[in-house]
Amino acid sequence: MLNIDLASKSYEILVQKDALKKIGSWTGELWSQRKIALISDSNVFPIYGETVTQYLGIQGFEVHSYVVDAGEKSKSLATANEIYDFLTEHDFSRSDSLIGLGGGVIGDLTGFVASTYMRGLSFIQVPTSLLAQVDSSIGGKTGVNCEKAKNLIGTFAQPDGVLIDPNTLKTLPDQRLSEGMAEVIKCALIQDDNLWKQLRQMTKLEDIMANSESIIQKALQVKKVLVEKDEFDQNERLLLNFGHTIGHGLEASSNYEMISHGEAVSLGMVQMTRGAEKKVYAEVS
Ligand SMILES: NC(=O)c1ccc[n+]([C@@H]2O[C@H](COP(=O)([O-])OP(=O)(O)OC[C@H]3O[C@@H](n4cnc5c(N)ncnc54)[C@H](O)[C@@H]3O)[C@@H](O)[C@H]2O)c1
Ligand SMILES: [Zn+2]
């Protein structure tokens, strides 16, 4: 278990295999009885929606689920608007809350809606993709895309807690697992030699699955320290952008269609490392 300790707020990140089955009691420790809007997508909800709804129900929470189409297109103001309508129809007030169950798209969208509806409702993140488990679910950046640019509209809003069940990665497509690994490798390269050594021993996806809990915890630890030093992304936190300037350029030039974020960041890190190598060799020779 990890804690994020910020000036404004502290919250817990639970990383544990099968943690989804604890979501009722864990949420019960954080929140009194209330309505919960469970926001998820069309891939994730059919697999995990019932378990989450069931355990929250056993704890006495009144759960209303809203499922959006899977994919980046749902991270939009239009979808946010639909969720605002859904919350209004179900009489959500400031004492009610949201839970985001899904990848980074769902996390960013849920955080954005929660932080803007009635000037802010509390929310919990339940990330199910590796990228969301090691990166997007912590740190408090929320947002939606607009026609001209990604993540242009958003807020800084911290969740009340993050529950990570590494077993959800068993249903994540291999390509998505590899994309998430780009952010794990980034964390190792910028700040954790031991994680780097551990990763270098791994040769196949099964090795990652077998070590998922410790990999996630170590990557999160790197992000935690940087976020705690610089919540609003002005100094130390920028280190997490290693490989991202080139990566974002590649993503944008392919119109966000041909290359994924993880693939683009991987290429960005390789280029930056080559550049750094050249510079060092030039300086010593
Ligand atoms: N807020 C932040 O700090 C931050 C940081 C990095 C990235 N992001 C955002 O995160 C988003 C990308 O996140 P992502 O890669 O998770 O994308 P995503 O949410 O689209 O998930 C990727 C795909 O995997 C599916 N999926 C997720 N979990 C699954 C599971 N357990 N089993 C089966 N399928 C599953 C989803 O339905 C989707 O099709 C982007 O919008 C990016 O801008 C935000
Ligand atoms: Zn990234």
Side-chain angles (χ1 to χ4, degrees), residues 11 13-14 19-20 23-24 26-28 30-31 34-57 59 61-129 131-133 135-146 150-151 153-165 168 171-172 176:
Y11 58 94
I13 307 169
L14 175 66
L20 274 194
I23 192 163
W26 184 80
T27 305
L30 291 175
W31 290 343
R34 64 189 62 192
K35 279 188 270 209
I36 293 175
L38 179 65
I39 313 297
S40 190
D41 77 20
S42 53
N43 289 337
V44 175
F45 190 80
I47 314 177
Y48 302 109
E50 195 181 325
T51 306
V52 171
T53 311
Q54 184 193 341
Y55 284 102
L56 289 171
Q59 194 68 26
F61 291 110
E62 182 185 323
V63 183
H64 299 272
S65 305
Y66 193 88
V67 180
V68 306
D69 290 341
E72 192 70 32
K73 283 215 167 73
S74 286
K75 218 176 97 174
S76 66
L77 274 177
T79 314
N81 254 319
E82 289 167 13
I83 303 175
Y84 295 139
D85 286 344
F86 176 79
L87 297 175
T88 317
E89 278 158 22
H90 290 85
D91 291 324
F92 269 65
S93 69
R94 294 197 62 194
S95 50
D96 299 315
S97 304
L98 280 75
I99 294 183
L101 171 71
V105 164
I106 289 298
D108 282 10
L109 178 66
T110 304
F112 178 73
V113 170
S115 63
T116 47
Y117 181 80
M118 296 185 90
R119 297 192 181 80
L121 264 54
S122 50
F123 65 103
I124 283 173
Q125 296 281 18
V126 184
T128 60
S129 69
L131 185 139
Q133 293 181 348
D135 193 356
S136 62
S137 64
I138 71 156
K141 283 190 195 170
T142 85
V144 292
N145 305 322
C146 63
K150 264 193 87 178
N151 294 324
I153 303 158
T155 58
F156 276 101
Q158 303 293 340
D160 279 6
V162 183
L163 182 139
I164 298 175
D165 182 347
T168 59
T171 57
L172 189 71
R176 299 293 183 182

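In this chain, numbering begins with 1 at the start of the sequence shown.
- Inter-residue side-chain proximity for His90 and Glu62 is flagged as unmet; no heavy-atom pair is nearer than 4.5 Å.
- Among all heavy-atom pairs drawn from Asp41 and Pro46, the shortest one is O-CD, 3.9 Å.
- Scanning both residues, Ala37 and Phe86, for their nearest heavy atoms gives CB-CE2, 4.4 Å.
- Between the side chain of Ser115 and the backbone N or O of Phe112 there is at least one donor-acceptor pair closer than 3.5 Å.
- The side-chain hydrogen bond (donor to acceptor under 3.5 Å, both in side chains) pairs that include a residue from residues 44-54 are Tyr48-Thr171, where partners are two or more places apart or lie in different chains.
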Scan the side chains in residues 97-106 for donor-acceptor partners under 3.5 Å anywhere in the protein, sequence neighbours excluded, and list what turns up.
from, atom 1, to, atom 2, distance (Å)
Ser97, OG, Arg34, NH1, 2.8
Ser97, OG, Ser122, OG, 2.8

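- Nearest approach of Ser74 to Asp69, heavy atoms of both residues: OG-O, 2.6 Å.
- Between Leu87 and Tyr66, every side-chain heavy-atom pair lies at or beyond the 4.5 Å cut-off.
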Please test Ile124 against Trp26 for side-chain contact (heavy atoms from CB on, under 4.5 Å), starting from the C-alpha separation and ending with a verdict.
-> CA-CA 11 Å; Ile124 283 173; Trp26 184 80; 3.8 Å; yes

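- Pro159 has its side chain within reach of Gln125: a pair of non-hydrogen atoms, C-beta onward, lies under 4.5 Å apart.
- Taking all atoms of both residues into account, the shortest heavy-atom contact from Gln158 to Gly139 is NE2-O, 3.2 Å.
- Asp160 is linked by a salt bridge (Lys or Arg N to Asp or Glu O under 4.0 Å) to Lys9, counting only residues two or more places apart in sequence or in another chain.
- With hydrogens and angles ignored, the 3.5 Å screen pairs a side-chain donor or acceptor of Ser42 with a backbone N or O of Ala70.
- The two residues Phe92 and Met118 come nearest to each other via the heavy atoms O-SD, 3.5 Å.
- Here the side chain of Gln133 pairs no donor or acceptor atom with the backbone of Ile164 at under 3.5 angstrom.
- Evaluation of the side chain to side chain contact (heavy atoms under 4.5 Å, CB included) rule for Thr88 yields Tyr117 as partners, not counting sequence neighbours.
- Residues Leu20 and Tyr55 come closest through the heavy atom pair O-CD1, 4.3 Å.
- Thr116 and Tyr84 share a side-chain donor-acceptor pair at under 3.5 Å.
- Residue pairs meeting the salt bridge (Lys or Arg N to Asp or Glu O under 4.0 Å) criterion with at least one member in residues 85-95, sequence neighbours excluded, do not occur.
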Audit row: Val113, Ile39, side-chain contact (heavy atoms from CB on, under 4.5 Å) steps and yes/no | CA-CA 10 Å; Val113 170; Ile39 313 297; over 6 Å; no

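- Judged as a side chain to side chain contact (heavy atoms under 4.5 Å, CB included), and not counting sequence neighbours, the contacts of Asn151 are Lys75, Asp108, Asn145.
- With hydrogens and angles disregarded, a donor-acceptor distance shorter than 3.5 Å links the side chain of Ser137 to the backbone of Ala132.
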Given the rule in the side-chain contact (heavy atoms from CB on, under 4.5 Å) test, do Cys146 and Leu77 qualify, once you have shown the distances and angles that lead to the verdict?
-> CA-CA 7 Å; Cys146 63; Leu77 274 177; 5.7 Å; no

From CA spacing to verdict: side-chain contact (heavy atoms from CB on, under 4.5 Å), Leu56, Thr27 = CA-CA 8 Å; Leu56 289 171; Thr27 305; 3.8 Å; yes

